[in-house]
Amino acid sequence: MALGDLMASRFSASSAAVSNHLEEYNTNHEDVDLQRNRDRDSETASSSYGGNATTITATSMAYLPQNIVFCELRHEAFEACEPSGPLDSGLVSKWRPKDRMKTGCVALVLCLNISVDPPDVIKISPCARMECWIDPFSMAPQKALETIGRTLNQQYERWQPRARYKIQLDPTVEEVKKLCTTCRKYAKSERVLFHYNGHGVPKPTANGEIWLFNKSYTQYIPLPISDLDSWLKTPSIYVLDCSAAGMIVNAFIELQDWTASSSSGSSARDCILLAACEAHETLPQSAEFPADVFTSCLTTPIKMALRWFCTRSLLRESLDYSLIDRIPGRQTDRKTLLGELNWIFTAVTDTIAWNVLPHDLFQRLFRQDLLVASLFRNFLLAERIMRSANCSPISYPMLPPTHQHHMWDAWDMAAEICLSQLPTLVDDPNAEFQPSLFFTEQLTAFEMWLDHGSEHKKPPEQLPIVLQVLLSQCHRFRALVLLGRFLDMGQWAVDLALSVGIFPYVLKLLQTITPELRQILVFIWTKILALDKSCQVDLVKDGGHTYFIRFLDSMEAYPEQRAMAAFVLAVIVDGHRRGQEACIEAGLIHVCLKHLQGSASNEAQAEPLFLQWLCLCLGKLWEDFMEAQIMGIQADAPAIYAPLLSEPQPEVRASAVFALGTLLDVGFDSSRDGVGGDEESDDDEKVRAEINIVKSLLNVVSDGSPLVRAEVAAALARFSFGHKKHLKSIAAACWKPPPNSVLTSLPSFSIKGTGSGYATPNPYMAQGSIVPSQIAPLLRVGGDAPSVVRDGRVSTSSPLTTGIMHGSPLSDDSSQHSDSGILNDCVSNGIVNHSGPRPLDNALYTQCVSAMCALAKDPSPRIASLGRRVLSIIGIEQVVAKSVKSTGYSFRPSEFTSTPTGLARSSSWFDMNGGHLPLTFRTPPVSPPRPSYITGMRRVCSLEFRPPHLINSPDSGLADPLLNSGGSSGVSERSFLPQSTIYNWSCGHFSKPLLTPDDSEEIMARREEREKLALDYISKCQHSTVSKLHNQIASWDTKFETGTKTTLLHPFFPVVIAADESERIRVWNYEEAILLNSFENHNYPDRGVSKLCLVNELDDSLLLVASSDGNVRIWKDYTIKGKQKLVTAFTSIQGHRPGVRSVNAVVDWQQQSSYLFTSGEISSVMVWDLDKEQLVNTVPTSSDCSISALSASQVHGGQFAAGFMDGSVRLFDIRTPDMLVCTTRPHTQIIQKVVGIGFQPGLEPAKIVSASQAGDIQFLDIRHHRDAYLTIDAHRGSLTALAVHRHAPLVASGSAKQLIKVFNLEGEQLGTIRYYPTFMAQKIGSVSCLTFHPYQVRLAAGAADACVSIYADEISPPR
């Protein structure tokens, strides 16, 4: 199966698994949704709340949503770690042969002295006589000697044709010395091979001397190995074919040890020895072997192996030796019998070596030098054959024994099958040769390993064979697919494959044009580059990048595979100038931009992974490469990227921000000061591009995903670095009071002047009034859009404010971001007059500073620290003091920072004040901007923003210690820039397995078990009889100083989670009465937690914590002590009414649609899709009042109900065109705010319960009546909490008078729970929150005195 198909089938299989799982759900649910989607106009939508809803079959399956959010790679540990992309050092470079080497010179020394036997040898008869397959007695001795020398030369040449060969036949010591020095001189630093045949001289001596002759052949002359070594030097390899050759090896090792100890510190010498036998052994004399059996094994292995095997084979009767010499074909042609035998032999010996040798030794002997590798492969055969004759060849370095390895059986079988065809092939030259099944069978064995193997099992021994198979066209495709599957198992597998030597093979394959190999080759390269970036150099050198650009541009491949090609290209250009230049020459910019543009119109193109990698690839191509940036700007890249910033996948948005950020030239400010006319036009275009890019970035500064915001911070840092002079001036000038303030002409302000000329807001200002310093600039901002003040609110449509609103489609102009204008004060007063190179529009700088301040106050700690680093670039220090508890109230020192506006996305000027403290500003005179922001930073504008009694706080200081140090050089300054991480993050995707589905079976099994349990509970709930909930099964003193603000019961474990006003979260097991965990939601807790929700409650649930200021944080592992991890965090409410102290956020979560609905002191409801981590809708509330209670339907996706401060109730459905389904005012007796609202259990879409602070609970059926059909006066004027059970017909309400009442849906009171005084006779505080268990009849009640009680119908379970 092709890898592309394998991937496709894997994707479809996983979706099939999900869809099967959904069928049961959909059968009940689909008709309703389809019906709704068909008639989308408002009448039919509202009528569907009438007729159609009754057709829904009452099944509980619809209650169990199937979707899961926050389970992507980006949520694993965003806060915790900085990802690292592909490496170019460390583990990875070990596979590369340290330094390739060549044997440049071969010295052949033969001491045969034919017809004279040496004195220490007694020969048997018949005796082994053949030397180089020649019988020396078949011709005259001298001629025989020359022929043997020539033949040995030819045998070696087959293995290394390019070496220089020198022969000495029966030489003297002088001749050998000359030979050695000549060889070393010629070889220079290459290896020299010294081959010694000593069959005509005595055995080597115990001192390690070999024997040569004197000139007249009357004496044997010894030559010490030390002399030989001093002439040949290193690197060298010795082949010693003589009896007792081990003597020389021993002497050599002693020599090595001695030289190593005497010259301490010098590196080990590169000498290799191959010896025919051990020190006490003589060579085999049996006539079945040649006399030089060792040399024959090393230089003619196939012939030697077959002759030896013939005598042991079943075919020995039908074969004679002469046939072996007539095997047809060439060794280099794998389609012939001889070629195939040679190929199989190479594969077998390589495999044995790879499986038996240590990794480093294998690399040195089998991958560094072609001749050495061949000799060692053949040495394994020599060991096998000679051991059968009781002779043990040895080597230095020593190898483990291999003669009994089971792969020799595979060789024997392949040899036998080949030999069986030999007689036919020799007799009939036209007979067709049948290839062996050896490689097919080995690939099958490899495939079996892939099905059952893993990292923790023995590696697949067939890996070297797979490598050999890549050489053959007929097996290549299958081998590549299997190799791809292997590499996909993890980085360990890639490292193994590289260490076997796969790299040159797959590099060479990029030159093929076979279309079916393209997908799998791209996959394999993806896996290699995900591990080792250093291969980028080889790819560019061989022109491999063009292969991937062609593949990227081809439309027939799957988008996922084209994404891999984009990844490969991104790695090729990552920090590699030659790669960047080569890819630009090959037109990569045009190809990427073409496909990014095409994605808008073509759905198939819009595969997120593909878009993501197109963005990252271009970003890496532009990074720090001015020429490429200019080409990108000329190709209108900023405009092509803008729409990608609203793509549904956070990774795509983050990658697009990264690419835009790399187009911003960091050195803009400093490098261009003295540049004159030639570059004017270029610069104009560049400035326009920068403006467009920055405007685009400002639109996503409050994206729901921290991944995106981190990239925005990195991009703004680049921009700030280039424009820091202007930004510093803006930031500093913002503190100057406007000379002709318009404020005096506005009637509704009380202004308290201060000596310094600042207008400081009066802490007791009326709620409707506006902080003065905001207004003046807002009135001046947009000349084309005059602003009006209406009802004490600012209404404006200036480009500035909409820019700060980040493009959110806010319906009501009054909800525009009121702080943004403060900064604008400075720009229209002519304070900033810069003679710098070419400053951009001042309003844009102002927006940038605002955006940076927003990032510095981000709810994600990592983004906030990036934001602070960006601010420090433009000379703003953030002085952060520890949280201080003061008498009577607590405030949040992080608000008192040095941000010029104190601007947070959700905070206004007044919000910074906490409504209590007038602020003290200390602004030193602004010195002219300095060339180095590090040195000038503290003096330029240390705009400290602290309440008076914190000014001398010892804890205050620079937010980032980095910034205190460092020189003023450009390089060190640039190193402070926050770096983008999206590229490294994204690379992680490709180093994980892509072909094997995740452990989804286990997840599915757990989910099914939970669904079964939930359905079981639900049916009990639905059929429960009268529930009084009067049994208190647990009571817990949370020890919260400020009382319990909100609680939550876990659906499947006896766990209750509670939070307080200062955003401390505690998790308690109520069956065992154990505190499981306790942690701070964040460092500067302020106004309490407004809501706790469980996300993915049927799977590994996450804890969503919504703070009153609109910040949302999501935690995983929240039940494990100290192990909680922040998955994501974002600000869910953007821009609120001016003059409002707090946002008072109200939120609710709807699992089946993945929507989080949030509202508060704003005139709309923001709908966040937490799957996309994006604001997808802003629903106008059509009311002047703000929302005080919000409830999302747990049955109908997109539907929610809101209760308002004026007692009105509205039902919304974002699937309808108008979104507002209907409005009603059920609470008419006393108009007070709605405290609680909830959907009644069951599948009906419009049955709601609403409770007012006045004490009345109204039951509404909005389909039929505008008015309530049932009213309960539960608590007179003191209702504080309402809970409606998701499945059981139960409603509970709590009062400030320590009382909880439980009702059924008919309005009958089932019971009353009183909070009795404790045994210490203390009164217990009022009920602050009530929560039902999602699937059981249990109620958790939290009180203002920090006590949480849990009530059930059953008797208290045993502890």
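- The CG atom of L498 sits 7.5 Å away from atom CG of L487, with the distance rounded to the nearest 0.5 Å.
- When side chains are defined from C-beta on, V466 does not count as touching I502, because their heavy atoms never get closer than 4.5 Å.
- The closest donor-acceptor contact from the side chain of N342 to the backbone of L338 lies at 3.5 Å or more, if one exists at all.
- By the neighbour-count criterion of 12 heavy atoms within 6.0 Å, atom CD1 of I124 is densely surrounded, having more than that number from other residues, nucleotides or ligands.
- The shortest heavy-atom contact between C183 and K166 is SG-CG, 4.2 Å.
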Could you please spell out the steps behind the side chain to side chain contact (heavy atoms under 4.5 Å, CB included) verdict for R162 and Q160?
CA-CA 6 Å; R162 291 207 180 90; Q160 177 58 301; 4.3 Å; yes
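- W211 has its side chain out of reach of C111: every pair of non-hydrogen atoms, C-beta onward, lies at least 4.5 Å apart.
- Classified by interplanar angle (parallel below 30°, tilted 30° to 60°, perpendicular above 60°), the ring pair W354/F362 is perpendicular.
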Using the rule given for side chain to side chain contact (heavy atoms under 4.5 Å, CB included), can you reason through K102 versus R191, listing the C-alpha separation, both sets of side-chain angles and the distance that settles it, and then say yes or no?
CA-CA 6 Å; K102 203 165 85 207; R191 198 185 300 281; over 6 Å; no
Run the numbers on V192 and T103 for side chain to side chain contact (heavy atoms under 4.5 Å, CB included), then give the verdict.
CA-CA 6 Å; V192 175; T103 300; over 6 Å; no
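- D257 meets the salt bridge (Lys or Arg N to Asp or Glu O under 4.0 Å) test with no other residue; sequence neighbours excluded.
- Remark: the W408 side chain and the T402 side chain contain no N/O donor-acceptor pair separated by less than 3.5 Å.
- Residue pairs meeting the salt bridge (Lys or Arg N to Asp or Glu O under 4.0 Å) criterion with at least one partner in residues 385-407, sequence neighbours excluded, are E383-R387.
- Evaluation of the ring pair (Phe, Tyr, Trp, His ring centres under 6.0 Å) rule for W449 yields F486 as partners, not counting sequence neighbours.
- Residues C535 and W525 form a side-chain contact, since some pair of their non-hydrogen atoms from C-beta on lies under 4.5 Å apart.
- For V500 against L463, the heavy-atom pair with the smallest separation is CG2-CD2, 3.9 Å.
- No side-chain donor from either of W159 and T299 sits under 3.5 Å from a side-chain acceptor of the other.
- Taking the charged nitrogens against the carboxylate oxygens, K527 and D532 have no contact shorter than 4.0 Å, which rules out a salt bridge.
- Taking the side chain to side chain contact (heavy atoms under 4.5 Å, CB included) definition, one finds that R334 meets it with W343, L471, sequence neighbours left out.
- Side-chain atoms of E281 come within 3.5 Å of backbone N or O of S392 as a donor-acceptor pair.
- The nearest pair of heavy atoms linking I385 to C297 is CD1-SG, 4.0 Å.
- Using modelled atom types, one side-chain atom of T336 and one backbone atom of R330 make a donor-acceptor pair closer than 3.5 Å.
- For the atom pair T440 OG1 and Q442 CD, the distance stands at 10.0 Å (nearest 0.5 Å).
- Residues C391 and C277 approach most closely at SG-CB, 3.3 Å, considering heavy atoms.
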When you look at E131 and L112, which way does the side chain to side chain contact (heavy atoms under 4.5 Å, CB included) test go after all the steps?
CA-CA 9 Å; E131 300 276 355; L112 292 177; 3.8 Å; yes
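- In this model, no donor atom of one side chain and acceptor atom of the other lie less than 3.5 Å apart for T205 and N207.
- Checking side-chain atoms of S286 against main-chain N and O of E288 turns up a donor-acceptor pair under 3.5 Å.
- Q473 CD: 12 or fewer foreign heavy atoms inside a 6.0 Å radius.
- A donor-acceptor pair is defined here as one N or O able to donate and one able to accept, closer than 3.5 Å; no such pair exists between the side chain of Y156 and the backbone of Y165.
- At least one donor-acceptor pair closer than 3.5 Å links the side chain of N378 to the backbone N or O of L298.
- Between G453 and M489, the shortest heavy-atom distance links the atoms O-CE, 3.4 Å.
- Within 6.0 Å of the CE atom in M101, the count of heavy atoms belonging to other residues, nucleotides or ligands exceeds 12.
- Summarising the local packing, CD1 of I417 is surrounded by more than 12 heavy atoms from other residues, nucleotides or ligands at distances under 6.0 Å.
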Residue pair R384, T349: steps toward the side-chain hydrogen bond (donor to acceptor under 3.5 Å, both in side chains) verdict
CA-CA 11 Å; R384 183 185 192 210; T349 47; over 6 Å; no
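- The residues D369 and R100 are annotated as not salt-bridged, no charged nitrogen and carboxylate oxygen being separated by less than 4.0 angstrom.
- Judged by distance alone, the side chain of D241 and the main-chain N or O of T295 form a donor-acceptor pair under 3.5 Å.
- Identified under the salt bridge (Lys or Arg N to Asp or Glu O under 4.0 Å) test for residues 201-211, with sequence neighbours left out: none.
- Looking at heavy atoms from C-beta onward, T151 lies in side-chain contact with Q155 at the 4.5 angstrom threshold.
- Taking the salt bridge (Lys or Arg N to Asp or Glu O under 4.0 Å) definition, one finds that D292 meets it with nothing, sequence neighbours left out.
- The ring pair (Phe, Tyr, Trp, His ring centres under 6.0 Å) check on F345 picks up W411, with sequence neighbours excluded.
- Between C242 and I210, the closest side-chain pair of non-hydrogen atoms is not below 4.5 Å.
- When only modelled atom types and interatomic distance are considered, E461 and H406 share a side-chain donor-acceptor pair under 3.5 Å.
- The side-chain heavy atoms of F446 and I465, taken from C-beta on, include no pair separated by under 4.5 Å.
- By the 4.5 Å heavy-atom criterion applied to side chains, Y505 and R476 are not counted as neighbours.
- Within the structure, the salt bridge (Lys or Arg N to Asp or Glu O under 4.0 Å) test picks out the following pairs touching residues 336-359 (sequence neighbours left out): D350-R367, D350-R377.
- Partners of Q434 according to the side chain to side chain contact (heavy atoms under 4.5 Å, CB included) rule, which considers only residues two or more places apart in sequence or in another chain, are Q421.
- Scored by the ring pair (Phe, Tyr, Trp, His ring centres under 6.0 Å) test, H199 finds no partners at all (sequence neighbours excluded).
- Of the possible polar contacts, none joining the R164 side chain to the C105 backbone as a donor-acceptor pair under 3.5 Å is found.
- Residue pairs meeting the side-chain hydrogen bond (donor to acceptor under 3.5 Å, both in side chains) criterion with at least one partner in residues 223-234, sequence neighbours excluded, are D229-R269.
- The residue from L425, L341, V426 that alone fulfils the side-chain contact (heavy atoms from CB on, under 4.5 Å) condition with I327 is L341.
- In terms of the side chain to side chain contact (heavy atoms under 4.5 Å, CB included) criterion, residue partners of L273 (sequence neighbours excluded) are, by chain and number, Y238, L240, V249, F252, Y396.
- Residues M304 and W133 meet the side-chain proximity criterion, which asks for heavy atoms closer than 4.5 Å.
- Side chains of R184 and S189: a donor-acceptor N/O pair is absent below 3.5 angstrom, by distance only.
- When every heavy atom of L274 is checked against every heavy atom of L375, the shortest pair comes out as CD1-CB, 4.0 Å.
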